[in-house]
Structure formats: C-alpha cells, structure tokens
Amino acid sequence: MAAKVTDTCKAPAARRDFALALLLLWLSGAALRETILAMAPVLPRVTADFRLSATGVGLLTGLPPLLFAVTAVPSAALIARFGAVPTLIAGLLLNATGAAARGLVGSVVGLNAATALMCLGVAVMQPVMPLLVRAWAPAHIGFATAIYTNGLLVGELAPVVWVPQPILPLVGGGWRASLVFWALPVLTAVLLVGFRGRRPQAAAGLARWQPDWRDGRIWRMGLLLGGVNATYFGLNGFLPGWLTTTGAPELARPALTALNLAQIPASLLMLALASRLTRRPAAYAGAGALLLAGVLGCVAMPGPAAVAWAALAGFAGAILLTLGPALPSLLGEAADVSRLAAAMFTVSYGAAMGAALLAGWLSDLSGVAAMAFSPFALAALAVMLLGATLRLKDAQEPNGLPARVPTADDRPGTRP
C-alpha cells in the first residue's frame, strides 16, 4: 500500500518534469535560429554602416551553413568528453556571446568574428538535440522532436516578423541594440538548462564519437535532410529573382512570406501527428512528393499561383524538418545518437551548400533562369525516394502526450 501511495505522489512531479523537459527543448530549438535570423531585417543598415560589398554580405550570410557543416563532427567529440547538457550549455553561451558581440563591434573583421563565434555555438548545439530528445523523452521521440523543431521554426520567424516593428523602438531604434536583444532569450535558455537540465548518464560516458562514413544510415539521413535544407534555402534565394525575371516582381515578397509562414501550421500539426508518423516511411515519401510539387509549381506557374506553390513547399518542408531530426534517435542505439546526428548535419549542410552553388552555376552557364531550380527539384525527388526506402523499426511510438507516466529517471530536473 505504501508503495502505491508513493507512486501516486510521484506521478504529478514526473509530469511536471516532463513538461519542463519539453520547455527546455523548445527554448533550445528557438536558440538554434533566432540569433542567426536576427541579422536579416537589419542587414541593410549593417551594410550601410560598414560599407559592405556584395562579397562582404555573401561572407556574412554564408558563414552559418559553412560552420554548421565543418564543426558538427567535432561537436560530437565534445559530447563524448563532457556530456550532452554541458555541451548544450557551452553552445548556448557561445551563441549568446557571439550574437551580442555583433552589436558591439566596430569593424568588419570584428563583425565576422562575432558571427563565426555565434555560429560555432549553434553548430555545437545541433548534434546535442536528438540525444537529449532520446534521453528526456525516450518513449515520445517524435513528439519531443516536434517540440524543439517548432521552437526552431518560431526562432526563424520571430526576428523577421517582429523586427523592426516593434522591437527596434524598444531598444532605441538601432540595429546594434536589436542584435543584442535577440541574445537575451538564449541567455534565458542557458540559465534554465544549467539549473534544471538533467545530465543523461548514457550521454556523459560516450566513448564513440567519430562517425563511420561507411554507414549507409549517415548518407541516407544526411541526404534526406540535406534535400530539405537545399530546397528551402534555394527557394528563399532564387524565387524572388525568378519571379522578377518572369515579370512578376510584386509577387516576390508574398511568395517568400507564404514559403516561411506555411511552416508554422505544419509544425503545429506535427505536434499532434509526429509520434504517429516518425516511424512511417510513407510519411517521409509523401511530404517529399509535396515538396517536389511545390518546387515544380513555382517554376511552371510563376504568376499568382506561385505564392500557393511556395506555401505548399514551405508546409512540406516543415513536416520533413520535424521528421528528419528524429532519425538518429530512431535508427541508432543510445551511444550512437550524437555521432549519427553530427554526421547527418555535416552531410545535410554540405549538400545544401553544394546545391546552391550548382544552381547558380547552371543558371549562369545556360543563361536560363529556370535552370537554377533543377538542383532543388532533384533534391526534393531524392527526399521522396530516400524517405520511401527508410528502414524504420516496426514498434510504434505512443501518440501525443505520454501514455505512461515518466519515471524519476526521466525527470529533467533530477541530477544523478
């Protein structure tokens, strides 16, 4: 009888700790993008103040994916040496420090150095997230991944939608104060993770961090996620120019808005469906088909319909962005999750960069603007085919919020 009473008393605390784990995942997910995207709305002012050339702007905007690809695997070594939560805290601190420093520097060199420091922090954080999803929500990997992906998507949109109105007036109207402002939510995440984040024992003692590049899972996951990234970044970069070339420059902004805003309803939908869909190859293939349709529609119908096709591409991309990061936790053992995730991000960002370069080269070489979209159409087709051939476990994850009450070992606030 006493044991039953004790278990009953533990249930509310366990549920509170599960909710805390989801909050920490969401805040960390938002921190992956909010400081990076904070530059976009104020970039014209930064360019004017520092008199940046087009090459300088290209370097500033190209640093994030480059560092994400280069530093993902070394981040797995940090996880193996220090543990998941300390590595996440270190990444958050580097992220916040670099983000705030961008608003304080007085030279182009300092601006690029601060940006590199910020991106290094994000790169360190990314391989940690799938590991913490598995450690903090082992029975609800899909749902927990949807939570942190929703945070990531909100982190992408918030600085763009809320800057310069109404943030800039609150911080004096200057771009420097705006960049410092967006470092504050990351510092909040540092404090909460530092005081309440449970140190998973499995993550702290990992010895294997070097990826086995002969492992087909790495390339399957990396190219799948890389296809999603390539298509998303490619449409953001090339769609405005395509619409201008085809005589509809006034549709460029609505199309980009549709592409990005459509991710939010998709992310909210995945909060309800992710637990059902993460283990179903048909979900990956179906979303890949929608992504391909969106790309082809933007090229084939560059008029007002392009706005709808862009929204479809954004919607499908957000679904895949939720499903894809769950793959390391689903396909690997606990000790392999961080190195699988690190290798996946290396391949995915490398593929996205390669697709963007190929798109520009094909367009310049052929003189046909539509040729720029061929790498992105092929990337979406690859996502569809790779998704259809995924070999996922037969066991189904519980749906939605936990069907079982998390035990004391699952509590994010418990330190072993």
Side-chain angles (χ1 to χ4, degrees), residues 22 25-26 29 32-33 126-127 129-134 137-156 216-233 262-295 312-332 337 340-341 343-345 347-349 351-352 379-400:
L22 297 180
L25 289 171
W26 192 92
L32 290 172
R33 289 296 182 270
Q126 287 192 132
M129 300 303 293
L131 183 59
L132 289 179
V133 163
R134 179 160 181 153
H140 312 282
I141 290 172
F143 180 68
T145 302
I147 289 289
Y148 100 72
T149 303
N150 178 265
L152 184 150
L153 293 175
V154 172
E156 285 183 345
R217 294 174 301 176
I218 289 175
W219 298 99
R220 192 177 297 271
M221 294 186 301
L223 291 175
L224 190 153
L225 192 59
V228 179
N229 287 332
T231 305
Y232 173 72
F233 291 127
Q263 295 181 99
I264 296 300
S267 177
L268 295 175
L269 180 65
M270 290 302 290
L271 290 176
L273 298 180
S275 293
R276 297 177 181 177
L277 299 182
T278 48
R279 298 176 187 273
R280 298 185 180 181
Y284 298 81
L290 293 177
L291 184 63
L292 177 60
V295 175
L312 178 63
F315 187 88
I319 292 174
L320 289 161
L321 191 61
T322 301
L323 297 174
L327 289 174
S329 297
L330 295 172
L331 296 177
V337 171
L340 284 175
M344 177 184 73
F345 287 122
V347 174
S348 68
Y349 283 110
L381 178 62
V383 170
M384 183 177 69
L385 296 177
L386 289 168
T389 57
L390 283 174
R391 298 176 182 176
L392 299 170
K393 298 175 183 178
D394 294 332
Q396 291 297 314
E397 192 179 2
N399 179 36

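Just so we're clear, the structure is a prediction, and the values are computed from it rather than from any experiment.
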Write down the atom of R220, the atom of L390, and the distance for their closest heavy-atom approach. CD-CD2, 3.5 Å

Begin with the C-alpha distance, continue with both residues' side-chain angles, and end with the deciding distance and a verdict on side chain to side chain contact (heavy atoms under 4.5 Å, CB included) for E156 and Y232. CA-CA 12 Å; E156 285 183 345; Y232 173 72; 3.7 Å; yes

Could you go through the side chain to side chain contact (heavy atoms under 4.5 Å, CB included) check for L331 and M221 one step at a time? CA-CA 10 Å; L331 296 177; M221 294 186 301; 3.9 Å; yes

I'd like to know whether L327 forms a side chain to side chain contact (heavy atoms under 4.5 Å, CB included) with R217, so could you lay out the CA-CA distance, the side-chain angles of the two residues, the decisive distance to 0.1 Å, and finally the verdict. CA-CA 9 Å; L327 289 174; R217 294 174 301 176; over 6 Å; no

Of all heavy-atom pairs linking L291 and G317, the shortest is CD1-N, 4.2 Å

What's the spacing between I218 CD1 and L340 CG if we round to 0.5 Å? 5.5 Å

What heavy-atom pair brings V133 and A144 nearest, and what distance separates the two atoms? CG1-CB, 3.8 Å

Measuring only between side-chain heavy atoms, which start at C-beta, is T278 closer than 4.5 Å to Y284? yes

Side chain S275, main chain H140, donor-acceptor under 3.5 Å: no

For T322 and A274, work out which heavy atoms get closest and say how close. CG2-CB, 4.3 Å

Show, in sequence, the C-alpha distance, side-chain angles and deciding distance for L321 and L225, and conclude whether the side chain to side chain contact (heavy atoms under 4.5 Å, CB included) test is met. CA-CA 7 Å; L321 191 61; L225 192 59; 4.2 Å; yes

Whether the side chain of S348 engages the backbone of F345 through a donor-acceptor N/O pair (distance < 3.5 Å, no angle test) should be reported. yes

Can you tell me how far apart CG (L152) and OG1 (T145) are? Round to the nearest 0.5 Å. 12.0 Å

Would you mind reporting whether M129 and P325 have side-chain heavy atoms less than 4.5 Å apart? no

CG/L224 to CG/N229 distance, rounded to the nearest 0.5 angstrom? 10.0 Å

Nearest heavy-atom contact between A316 and L290 is CB-CB, 3.7 Å

Does R134 use its side chain to pair, donor to acceptor, with the backbone of S329 at less than 3.5 Å? yes

Using a 4.5 Å cut-off on heavy atoms from C-beta on, say whether the side chain of M270 contacts that of N150. no

Atom CG in L273, atom CG in L268: separation rounded to 0.5 Å? 11.5 Å

Rounded to the nearest 0.5 Å, what separation is found between the CG atom of L385 and the CG atom of L223? 12.0 Å

Minimum-distance pair of heavy atoms, taken over all atoms of A266 and I319: CB-CG1, 4.1 Å

Rounded to the nearest 0.5 Å, what's the gap from OH on Y148 to CG on L153? Could you check? 10.5 Å

